[in-house]
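Since the structure comes first, as structure tokens, the remarks are kept for the end.
Every chain is numbered from 1, with letters handed out A, B, ... down the list of sequences. Computed over heavy atoms, backbone and side chain alike; hydrogens, waters and symmetry mates excluded.
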Amino acid sequence: MPPNHLLRLTALRRLNSTSLRLSQRSYATTPFPEQDIYDVVIVGGGPAGLSLASALRSSSVTNKLKVALIEGQDLGPQKPYKPKPGTFSNRVSSLTPGSVRFLENIGAWKHIQEERVQDYHGMKVWDGVSNAKIIFSSDLLPTAPTIAYMCENLNLVSSLLSRLDELGSTEILDKARVEGIEYGQDDGELDLTSWPVVTVSSGRKLAARLLVGADGANSPVRTFAGIETRGWDYGRHGVVATLRIEDVEQRKQAYQRFLPTGPVALLPLPGDFATMVWSTTPQYAAKLKSLSPTDFAAMANAAFRLSHVDLKYILENMTSGLAEEVSWRESATPRDPALTPTHIVDVQAGSVASFPLKMRHADSYISERIALIGDAAHSVHPLAGQGLNQGIGDVQSLVRTLEHAVQHGQDVGSLLSLEPYYSEQYLKNHMLMGVVDKLHMLYGTTSPPVVAVRSLGLSAVNALDGLKSFIMGRAAGR
Amino acid sequence: MSPIPPTIALRPLAPPHLRIAVRGFSVLSRPPPAYPHHVPLTTPERILLGAGSAIVSLINPRRADMIATCGETTATPYFIYRLRDAMLSDPVGRRILKDRPRITSKSLNLEKMRAMRDGTVGREYVRWLDREGVSPDTRTQVRYIDDPECAYVMQRYRECHDFYHALTGLPVVREGEVALKAFEFCNTLIPMTGLSMFAAVTLKKDEKKRIWDTYFPWAIRNGLQSKEVINIYWEEELETDVVALRERLGIEMPPDMRQTRAAARKAKKKTEKTAPPA
């Protein structure tokens with residue numbers, strides 16, 4: 001690929017000032033190879049990093065930038081996503097219509113396996129202590145018939161990789177772990193002292209005009225930039241599982257019940273499958289993971305049907321016979337038939353897993369020649385299904401910022417160019433994380449006055465169709 | 001816009017007794033009973049019945065049906081659910097809810113209990129029944145609690161009331177009932193038992209003094225510190241030693257009320273003899 005003229009311009013500009021001092025200067029022994037100098041180096045091959053690479057390459061403004069993507073895992077097996085038929089991965093994300101529109105615009109959505117994506121049109125959320133409910137139905141917003149799409153992360157990653165293959169010219173280094181990041185040197189010709197240089201496990205070094213950290217919650221790029229994160233651990237684990245359900249609805253719904261230990265959500269997948277995310281204490285999570293498939297399926301049903309007192313007793317005291325106990329308690333516990341999801345029949349073998357939940361927000365999304373997107377910038381509680389959508393929002397904003405910078409002849413890595421991305425995204429993300437955190441706190445108690453007030457509030461919002469359609473519109477990313 | 005398909009109809013509906021708790025209704029559309037003797041009430045009906053039965057119970061405490069009605073109408077919301085949750089949190093309580101045993105003269109073999117060793121729960125219970133001249137059949141059926149499981153909890157409480165008498169040794173006179181109700185309120189938190197404490201105003205002067213000085217402090221102290229008495233599976237504890245059971249629960253015996261009352265009556269007669277009426 002011919003060298004990018006913009007590339008040399010910044011580095012060479014310094015030649016005039018240094019030529020007078022040639023005799024005094026000490027050089028780097030070898031000049032930095034030009035093929036290892038990139039405009040944008042993206043660290044992290046997850047949905048955020050791959051979306052950014054695809055978006056940069058699809059945009060007619062930024063497709064002249066030299067882009068590299070570094071990923072520690074082997075991306076080969078992920079490229080044609082060929083899962084075992086009749087199984088679904090337990091790592092599934094909810095994509096808002098706004099995120100899907102973005103993926104369509106960058107040309108990645110056409111590569112997705114649509115038969116493995118499930119759109120849903122209703123959402124039922126209720127308080128596990130008082131049974132106050134809020135029901136979102138797509139009838140409220142005729143312009144947005146779908147609330148969201150459930151898509152396996154592997155399906156999404158595979159579609160983005162296919163798009164990158166289609167576009168070409170992106171250097172993807174997979175199986176390449178980041179060994180270190182440091183600032184470059186001045187070799188007399190090119191002054192890379194403000195450029196981050198990434199060393200990967202193969203020994204290769206890449207110099208980046210802009211280094212983008214899309215490398216997850218423990219981002220090495222963020223550590224290198226010295227950007228701190230603030231937040232807390234929730235002391236909760238999210239237990240995920242792929243389940244088989246009994247009745248298949250024509251218009252699929254998502255169900256979420258707020259228990260005092262954390263919310264449990266049942267999200268639809270194609271056919272008679274569903275995915276469950278249960279945020280609960282680490283002890284309960286460990287107990288759930290140790291159960292037999294029959295007992296686990298019984299507890300999954302119990303999570304939506306039994307009182308929290310029952311769930312507490314069963315998870316703390318019983319080691320066997322859970323299915324019979326749940327069956328007895330189901331016959332004695334009153335429930336709202338409109339709110340109860342269909343009976344869960346079975347759990348897919350090997351799909352039960354858990355991960356710790358935390359909230360983190362980086363102090364800044366940018367630094368000189370550094371930008372952070374996705375989980376590297378923020379971690380949020382999964383109760384609103386917004387984590388991946390926030391990351392895609394970051395990508396959209398960063399691409400717009402870089403397009404503007406390129407069109408105005410700016411250095412894409414300078415703080416001046418990156419500032420609009422930070423200012424556009426930070427407050428938006430912070431507010432969403434704040435609301436999700438307060439919801440978690442509000443529903444984490446059984447204290448009667450708090451329960452009474454929050455139930456009254458929820459029922460009031462449920463009665464206001466106008467407010468509900470507003471919320472749905474905002475959540476859909478309009 | 002296509003019509004919404006009947007997704008709810010596809011799912012098997014919960015049986016009527018499990019749906020009643022979530023639906024409001026009017027007097028013109030009263031739902032069917034969820035269990036035998038059940039009478040669903042609207043909120044205004046419940047409030048009126050609760051107030052009326054409380055007043056009648058105060059005037060005439062022999063109206064056991066009014067006391068029962070007062071208990072049932074004031075138990076919701078919250079209090080009976082709290083008691084049911086207390087049973088669900090205890091392994092023995094859960095077994096009671098599963099088995100749903102009933103205490104009647106037919107279900108308890110009184111002759112067998114009379115033959116038991118002195119000092120066992122069974123023997124002391126029958127001794128108390130004989131001393132007070134009551135039988136286990138005098139309890140009315142629960143009618144005004146909508147949830148069948150909570151209705152059973154109320155019924156269980158009512159049927160175990162005599163066992164609580166035997167456990168504490170309190171007699172069936174008004175003074176004894178008020179003291180026991182105070183103990184039950186601090187232990188089970190059923191509102192009617194708390195309201196019954198107001199019946200202390202109808203007691204005689206010396207009874208009131210005894211209640212205030214001795215029995216209320218005893219009741220409050222023991223009601224709060226002892227384990228939940230609703231979680232005792234009486235049918236299994238008949239051969240247990242009463243003293244051991246009291247220790248297990250953390251209950252101390254109050255002063256014997258019948259003896260105290262008899263001694264007080266004797267002392268009063270003596271003073272009346274020595275000081276002739278003016």
Side-chain angles (χ1 to χ4, degrees), chain A residues 120-122 124 126 129-133 135 137-143 145 245-253 255 268 305-314 316-318 321 324-325 327-343 446 448-449 451-452 455 459, chain B residues 1-25 31 34-35 38 40 76-100 145-153 155-156 189 228 230-231:
Chain A
Y120 58 93
H121 313 282
K124 296 181 177 174
W126 71 103
V129 177
S130 70
N131 286 321
K133 61 185 184 279
I135 296 179
S137 167
S138 54
D139 306 329
L140 288 171
L141 210 60
T143 51
I245 56 176
E246 196 172 314
D247 289 327
V248 181
E249 298 167 316
Q250 257 162 288
R251 279 161 66 90
K252 301 248 178 170
Q253 314 256 353
Y255 298 85
R305 290 169 172 76
L306 301 191
S307 74
H308 64 278
V309 175
D310 260 327
L311 288 169
K312 180 170 191 268
Y313 181 87
I314 295 173
E316 283 181 5
N317 298 299
M318 295 187 66
E324 293 81 30
E325 186 83 1
S327 165
W328 161 50
R329 291 311 305 157
E330 269 186 44
S331 68
T333 311
R335 61 181 178 272
D336 187 342
L339 292 179
T340 314
T342 180
H343 188 67
T446 51
V451 171
S455 304
S459 304
Chain B
M1 198 84 206
S2 59
I4 300 171
T7 52
I8 293 178
L10 284 173
R11 219 174 291 123
L13 289 169
H17 70 275
L18 291 183
R19 276 183 282 156
I20 204 169
V22 298
R23 225 167 59 219
F25 58 89
Y35 54 88
H38 177 212
T76 50
Y78 175 69
F79 296 100
I80 196 70
Y81 304 131
R82 188 217 74 87
L83 192 61
R84 192 262 320 263
D85 287 348
M87 289 184 81
L88 283 177
S89 308
D90 180 79
V92 180
R94 283 180 89 89
R95 270 195 306 120
I96 297 174
L97 285 176
K98 196 167 194 177
D99 302 338
R100 296 209 185 171
I145 292 179
D146 294 333
D147 181 26
E149 190 163 59
C150 293
Y152 172 74
V153 172
Q155 189 77 50
R156 178 74 181 169
L189 219 70
E228 303 255 5
I230 194 79
N231 285 331

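- Your options are D85(B), L97(B), D90(B), and the one with the most heavy-atom pairs under 4.5 Å with chain A is D85(B).
- A pairwise comparison of heavy atoms in R94(B) and Y313(A) identifies CD-CE2, 3.1 Å as the closest pair.
- For a residue to count as touching a neighbouring chain, one of its non-hydrogen atoms must lie under 4.5 Å from one of that chain's; by this rule E325(A) touches chain B with the side chain only.
- With a threshold of 4.5 angstrom between heavy atoms, L306(A) does not approach chain B through any atom at all.
- Using a cut-off of 4.0 Å between Lys/Arg side-chain N and Asp/Glu carboxylate O, E149(B) and R329(A) are scored as salt-bridged.
- The two atoms that bring A332(A) and D147(B) nearest to each other are O-OD1, 4.4 Å, heavy atoms only.
- At a threshold of 4.5 Å between non-hydrogen side-chain atoms, the residues Y81(B) and V309(A) do not count as touching.
- More than 12 heavy atoms of other residues, nucleotides or ligands shown are found within 6.0 angstrom of NZ on K252(A).
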